[in-house]
Student: 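First the structure, then my questions, so here it is.
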Number of protein chains: 2
Amino acid sequence: MPLTLRQRNRLDAIHRIMDAAMDLFDERGYADVTIDEIAAASGVSPRTFYRYFGTKEGLFTADPLAAVGLDRYAGQIDPGDLPGTLERLVALIDEGPGTSEDTRPRPWRGMRYVLEEPSVRAAVYGALDGAAERLAALLRDAGESPARARVIARSYLFGAYFGALEQWHLDGRSRPLRDYVREGAAALADGGRGK
Amino acid sequence: MPLTLRQRNRLDAIHRIMDAAMDLFDERGYADVTIDEIAAASGVSPRTFYRYFGTKEGLFTADPLAAVGLDRYAGQIDPGDLPGTLERLVALIDEGPGTSEDTRPRPWRGMRYVLEEPSVRAAVYGALDGAAERLAALLRDAGESPARARVIARSYLFGAYFGALEQWHLDGRSRPLRDYVREGAAALADGGRGK
DNA sequence: GCCTAATTGACATTTTCTGCCAACTTGTCG
DNA sequence: CGACAAGTTGGCAGAAAATGTCAATTAGGC
């Protein structure tokens with residue numbers, strides 16, 4: 001069952017807004033673009049922008065598919081194999097949104113602003129934090145103590161995952177992202193004990 | 001050589017503002033207190049508040065001593081012994097600011113808001129991120145690859161350190177914080193391999 | 001084709017945050 | 001001690017972000 005008209009309209013609007021915003025950011029820089037301008041450029045009212053994204057930084061943390069009730073990631077998580085889980089998630093994101101129709105926002109577009117704009121970075125950390133919370137719950141279910149579950153979940157998401165993204169971007173995106181994730185997870189597995 | 005009058009005035013103002021803000025937060029909740037009110041309650045102009053703290057969340061990330069050019073932490077960091085480094089830092093914070101005169105802001109006051117207010121939490125993550133950046137530089141100097149340095153630094157600060165703070169607070173601050181830090185660092189050392 | 005529920009846009013308002021400048025305070029040096 | 005320089009503060013004006021409210025429009029179900 002595809003999508004209802006309302007869902008398609010919403011998804012369209014979200015993608016339109018994201019694209020328009022990134023275009024403006026690339027053109028004039030993140031700080032010099034107002035939400036009124038983004039809204040105007042994508043044909044919605046500013047109020048609607050806030051309804052969809054909450055804040056300007058929300059552009060970088062919103063999951064368009066989640067906004068219409070879809071979740072591509074749920075089944076991919078295996079608390080017993082975190083390195084593998086990270087690799088699967090990255091691969092999923094790499095292939096784009098993957099709804100039949102749109103090829104809209106290329107994955108990792110806007111990563112530049114995540115790394116360079118402190119406020120965006122902080123917002124992304126907030127989103128990672130939420131993910132870590134959920135992952136920690138799974139680890140507890142798998143028998144870890146609450147304290148250890150917290151540490152491990154955050155280490156993989158903030159350390160291995162985000163660290164890999166950053167290093168990959170800083171290196172000019174030459175080698176595949178997957179390698180960086182693998183490397184990051186390996187650094188965790190050996191406990192910083194050097195290789 | 002103690003402190004110049006300007007430094008003492010500034011330090012006083014910073015502590016006065018922090019205390020007044022926390023009092024107001026405890027009384028009416030973080031979101032319902034405006035910066036104008038904090039400024040009024042502590043006898044400075046709103047403009048001065050912004051000069052000292054930058055944002056409302058800056059109340060939780062500002063280091064009063066750094067604001068007058070002091071650094072108690074620099075000498076404590078040993079890239080070769082991260083667990084020990086964390087324990088030393090926590091111990092330092094525990095004993096308070098430690099300038100001869102003031103006993104002002106009790107350490108960890110406001111932790112509640114760090115954990116409960118998403119915007120504060122995100123701001124603290126931003127500060128941790130800066131610290132992780134600096135720590136990663138030290139690790140690189142000690143021979144780690146950039147990628148590994150990133151992962152390890154973030155894991156210790158976001159995972160072990162912040163995780164310990166959170167767990168300690170959630171447990172009602174009964175056992176000493178030091179134990180939690182030790183436990184968190186141990187979880188990292190064994191690579192999530194269970195105990 | 002209607003009725004209901006969801007969604008949108010417009011408006012007003014509060015709050016955060018910044019630039020600018022004049023008034024004042026502190027440090028310093030003759 | 002007394003000026004001069006440098007640093008610091010407060011007030012004002014204004015841009016931008018963010019939220020509540022409500023009437024108007026649009027989609028969905030029957």
Side-chain angles (χ1 to χ4, degrees), chain A residues 1-17 20-21 24-25 28-62 64 66-69 113 117-123 126, chain B residues 1-17 20-21 24-25 28-62 64 66-69 113 117-123 126:
Chain A
M1 182 194 64
L3 288 175
T4 162
L5 175 56
R6 279 203 170 120
Q7 289 177 307
R8 267 183 290 123
N9 283 345
R10 166 168 297 195
L11 210 47
D12 268 9
I14 290 179
H15 283 155
R16 224 167 44 240
I17 294 169
L24 289 171
F25 293 160
R28 313 210 311 268
Y30 180 77
D32 281 347
V33 177
T34 71
I35 289 179
D36 283 20
E37 292 172 317
I38 298 172
S42 44
V44 299
S45 72
R47 195 66 185 83
T48 294
F49 176 96
Y50 282 110
R51 258 190 283 261
Y52 286 164
F53 297 102
T55 68
K56 197 174 174 186
E57 290 78 26
L59 279 168
F60 299 89
T61 59
V68 295
Y113 304 105
E117 293 288 332
S119 69
V120 178
R121 197 172 175 121
Chain B
M1 186 193 63
L3 288 175
T4 162
L5 174 56
R6 275 197 173 126
Q7 287 176 309
R8 266 182 289 126
N9 284 344
R10 166 168 296 191
L11 210 48
D12 267 9
I14 290 180
H15 284 156
R16 224 169 42 240
I17 295 171
L24 288 172
F25 293 160
R28 313 211 311 269
Y30 179 77
D32 281 347
V33 176
T34 70
I35 290 181
D36 282 22
E37 293 172 317
I38 298 172
S42 43
V44 298
S45 73
R47 196 67 187 78
T48 294
F49 176 96
Y50 282 110
R51 258 190 283 262
Y52 285 164
F53 297 102
T55 69
K56 197 173 171 184
E57 290 78 28
L59 279 168
F60 299 89
T61 59
V68 295
Y113 305 104
E117 293 289 331
S119 69
V120 178
R121 198 172 173 121

Student: Could you give the CG-to-P distance, from D36(A) to dA16(D), as a whole number of Å?
Tutor: 8 Å
Student: Run the side chain to side chain donor-acceptor pair (under 3.5 Å) test against R121(B) and tell me which residues pass, sequence neighbours left out.
Tutor: D129(A), E166(B)
Student: For T61(A), check side-chain contact (heavy atoms from CB on, under 4.5 Å) against everything at least two apart and list the hits.
Tutor: A123(A), V124(A), A127(A)
Student: CG of L5(A) versus C1' of dT25(D): gap in Å, rounded?
Tutor: 14 Å
Student: Could you identify which residues of residues 39-54 of chain A place a heavy atom less than 4.0 Å from some atom of DNA chain D, listed by residue number, or say none?
Tutor: R47(A), Y50(A), G54(A)
Student: Please name all residues satisfying side chain to side chain donor-acceptor pair (under 3.5 Å) with S42(B), sequence neighbours left out, ordered by chain then number.
Tutor: none
Student: Using whole Å, report how far CG of N9(A) lies from C1' of dA27(D).
Tutor: 9 Å
Student: Extract, from 5' to 3' on DNA chain C, the first and final nucleotides lying under 4.0 angstrom from some heavy atom of chain B.
Tutor: dT15(C) to dG27(C)
Student: Take the protein atom CD of Q7(B) and the nucleotide atom P of dG7(D), then report the distance between them rounded to whole Å.
Tutor: 13 Å
Student: Could you tell me which non-hydrogen atom of V33(A) sits nearest to which non-hydrogen atom of L24(A), and how far apart they are?
Tutor: CG2-O, 3.7 Å
Student: On DNA chain C, does the nearest nucleotide to K56(B) precede the nearest nucleotide to T4(B) from the 5' side, or the other way round? Give the residue.
Tutor: K56(B)
Student: To the nearest 10°, let me know how far the axis at one end of the helix from dG1(C)-dC30(D) to dG30(C)-dC1(D) is tilted from the axis at the other, five pairs an end.
Tutor: 30°
Student: Quick one: side-chain contact (heavy atoms from CB on, under 4.5 Å) partners of A122(A), sequence neighbours excluded?
Tutor: A122(B)
Student: Just jot down the side chain to side chain donor-acceptor pair (under 3.5 Å) partners of Y113(B), sequence neighbours excluded, or say none.
Tutor: D26(B)
Student: Donor-acceptor pair under 3.5 Å: do we get one between R6(A)'s side chain and the base of dT26(D)?
Tutor: yes
Student: Please report, rounded to the nearest Å, how far the P atom of dA16(D) is from the CD atom of E57(A).
Tutor: 15 Å
Student: With F53(A), which residues qualify under ring-ring contact (aromatic ring centres under 6.0 Å, His included), at least two apart?
Tutor: F49(A)
Student: According to side chain to side chain donor-acceptor pair (under 3.5 Å), who are the partners of Y50(B), at least two apart in sequence or on a separate chain?
Tutor: none
Student: My understanding is that only residues two or more places apart in sequence, or in another chain, count here; which of them pass side-chain contact (heavy atoms from CB on, under 4.5 Å) with N9(B)?
Tutor: L5(B)
Student: Checking R28(B) now: which residues fulfil salt bridge (charged side-chain N to carboxylate O under 4.0 Å, His left out) with it, not counting sequence neighbours?
Tutor: E37(B)
Student: Starting from C1' on dG10(D), measure out to CD1 on I17(B) and report it in whole angstrom.
Tutor: 13 Å
